[in-house]
Each structure stands twice: as C-alpha cells, then as structure tokens.
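Chain identifiers are assigned alphabetically (A, B, ...) following the order of the sequence lines, protein sequences preceding nucleic acid strands; residue numbering begins at 1 within each chain. Keep in mind it's a predicted model, so treat the numbers as computed, not measured.
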There are 2 protein chains.
Amino acid sequence: MTKDKHLDKAIPKGCPLDRVFRLLSGEWTTHILWVLSQNGPTRHGELRRLVEGISSKVLTDRLRMLEANDVVFRDYEPTVPPKVTYGLTAVGKELDQALRAMQAIAEHWT
Amino acid sequence: MTKDKHLDKAIPKGCPLDRVFRLLSGEWTTHILWVLSQNGPTRHGELRRLVEGISSKVLTDRLRMLEANDVVFRDYEPTVPPKVTYGLTAVGKELDQALRAMQAIAEHWT
DNA sequence: TAAAGTAGGTACCAACCGGTAACCAGGAAA
DNA sequence: TTTCCTGGTTACCGGTTGGTACCTACTTTA
C-alpha cells in the first residue's frame, strides 16, 4: 500500500493536467489553437472562416475560455466596425508544442 | 490566401490529434492512465479503489475505449471468480509521456 | 445463512454541451 | 432604403454524458 502515498502526492484533487485537459477538450478547441499557430494573430471573422463549420457562439466561448486561462490574447480596437484580434500567448505556444508532440504520436500510431 | 493551402494539408478532416483528444478527454480518462502508469498492471477492482469516486460503469467504458484504441491491454483469466488485469501498452506509455510533458507545462503555469 | 468480492451489464435520469436562429450597434455600399 | 459587415449575445432544443441503482453467477468469509 505504499503506492497510495505516491498517488496521494501525485494526483491532488485539482490536478493541473486535469485543468489543462478540461480547457482543451471542448470541441473545436485544438483546431482553433492549430489555426492560430499556423496563421498568427487572427481576427474573429477570419477565424470563423478558417475553422470551417464552427458557429460564432462556440468560437466566442472557446476564445473567452482560452483568454481567461492565458492561452490566447485578445486585442480589441474600438473602431467602427470594431477590430478584434486573437493570438497565442507564450503559454499558448508552449501548449501548441506539446500538442504537436501528441500529434506526432498519434500519426505513427494506427 | 496561400495560408489556406497550408491548412488544407495540415488539418485533414480526420485530424489524428482530434482522435487522440476525443479518446482522452472523457472524464476520468487521464486519471486512469496516470494510475496505470504509477501502479503497473492493475485489476478492475483495485482500479476502482485507486481512482477515487469513479463508478464501475464509467471505469468499464473508459477501459473498453482505451483497449479498442490500443492504449491499454486487457488480460482476462477465466478463473472463478475471473481475474482481469489492465495495463499500458507501448502506445499507452508513449501517450503517458506526452501527458507528463503537458502536465509539466501546466504546473509552471499559474 | 447472509454478506462481500469477482467483473461487469442494463435501465433510467438529470445535467451539460453544442448547434440554430434571431438580434444588437453603427457605418458603408447598392 | 435595404442590405451587409463588424463581433458578438441570447433563447431554445436535442443529443450525449455521467451518475445511481440494481442485476448476474459463483466463491469465500463471518
């Protein structure tokens, strides 16, 4: 039963990995990050076009969540019409790297 | 619009990363993998005890999914009562490594 | 004899989640 | 004048998801 001690330390209630996973695991989320990393800072409308099939509502939800967790930044210019640009933060780029590693595994998998 | 060409190649409809994420993103899934990697091959009953709070039904669902995708193996011994042991496959261990990398990022995050 | 442990299966139910459609402001174009 | 564009918000609706409870069939333990 020494194992349990390890586990107690290793998986506290609010496991950080769990946080990240809950953040990323909503539909479209990784797709959005991918596009942002390929495309650089992108406006809402262009994102909606690049992430084919996503609805405005869900796109906004995802971006808000990612922004709240410091994965993307949001740049709002109060022009008319307003211009809002989203891009990866430093953390976002780190995460993107980790996701690419996972994708590499996924690809040589079958 | 040269960007779109890149994206077309980079994100095919069935993006492998998406597959992995849908597989892992159910509740409890990463927790199960974590316990399996800490504990080595483990029986159903012990898993249910180690993954505190999970129901038998969900545990079985997750293990079936992970088995179907070659992330865990299932060893069934038709004794009475039967003895069923689950453990990480080679792919499962690779995935576990990738998850640890993500956790490292999550930890120094804030 | 009754309870508990083995590894699940099944039915039901509430909560959540994503999609659709309508709507907002203000300005530009037809 | 009506439509479209910007970047959203809101109400509603249906499918999926996870949780609870109860069942199997056999053995061991109290």
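- Side-chain contact check for B/Ser25 and A/Arg22: no donor-acceptor pair (N or O, by modelled atom type) lies under 3.5 Å.
- For the pair B/Leu59 CG and D/dT20 P, the interatomic distance rounds to 14 Å; values are reported in whole Å.
- Side-chain polar atoms of B/Glu94 and A/His108 form a donor-acceptor pair below 3.5 angstrom.
- Each of A/Lys57 and A/Pro81 has a nearest nucleotide on DNA chain D; the 5'-most of these lies closest to A/Pro81.
- A donor-acceptor contact closer than 3.5 angstrom is absent between the side chains of A/Arg43 and A/Thr85.
- Atoms CG (B/Leu63) and C1' (D/dG18) sit 16 Å apart, rounded to a whole Å.
- Closest to the side chain of B/Glu27, out of D/dT9, D/dG19, D/dC26, is D/dG19.
- Counting only heavy atoms from C-beta outward, the side chains of B/Trp34 and A/Cys15 never approach each other to under 4.5 Å.
- In terms of polar N and O atoms assigned as donor or acceptor, the side chain of A/Ser55 never comes within less than 3.5 Å of the base of C/dG19 in a complementary pairing.
- Proximity of A/Asp75 to A/Lys83: side-chain heavy atoms (C-beta onward) are nowhere separated by under 4.5 Å.
- Within the 4.0 angstrom heavy-atom criterion, only backbone atoms of the sugar-phosphate kind lie near B/Arg62; the bases stay farther away.
- Nearest to the side-chain atoms of A/Ser56 among the listed nucleotides D/dT6, C/dG18, D/dT9 stands D/dT9.
- One interatomic measurement links the two molecules: OH of B/Tyr86 to P of C/dG8, which rounds to 3 Å at whole-angstrom precision.
- The gap from the P atom of C/dA22 to that of D/dT3 amounts to 14 Å, rounded to the nearest Å.
- Atom P of nucleotide C/dA7 and atom CZ of B/Arg64 are separated by 12 Å, given to the nearest angstrom.
- In this structure, A/Tyr76 places its OH atom 8 Å from C1' of D/dG7, rounding to the nearest Å.
- To the nearest angstrom, P of D/dA11 lies 14 Å from CG of A/Asp61.
- Among C/dT6, D/dG7, C/dA7, the nucleotide with an atom closest to any side-chain atom of B/Arg74 is C/dA7.
- Regarding contacts with the backbone of D/dT17, every side-chain N or O of B/Trp28 stays at 4.0 angstrom or more from both OP1 and OP2.
- Atom CZ of B/Arg22 and atom P of D/dT16 are 13 Å apart (whole Å).
- To the nearest angstrom, C1' of D/dT6 lies 7 Å from CZ of A/Arg43.
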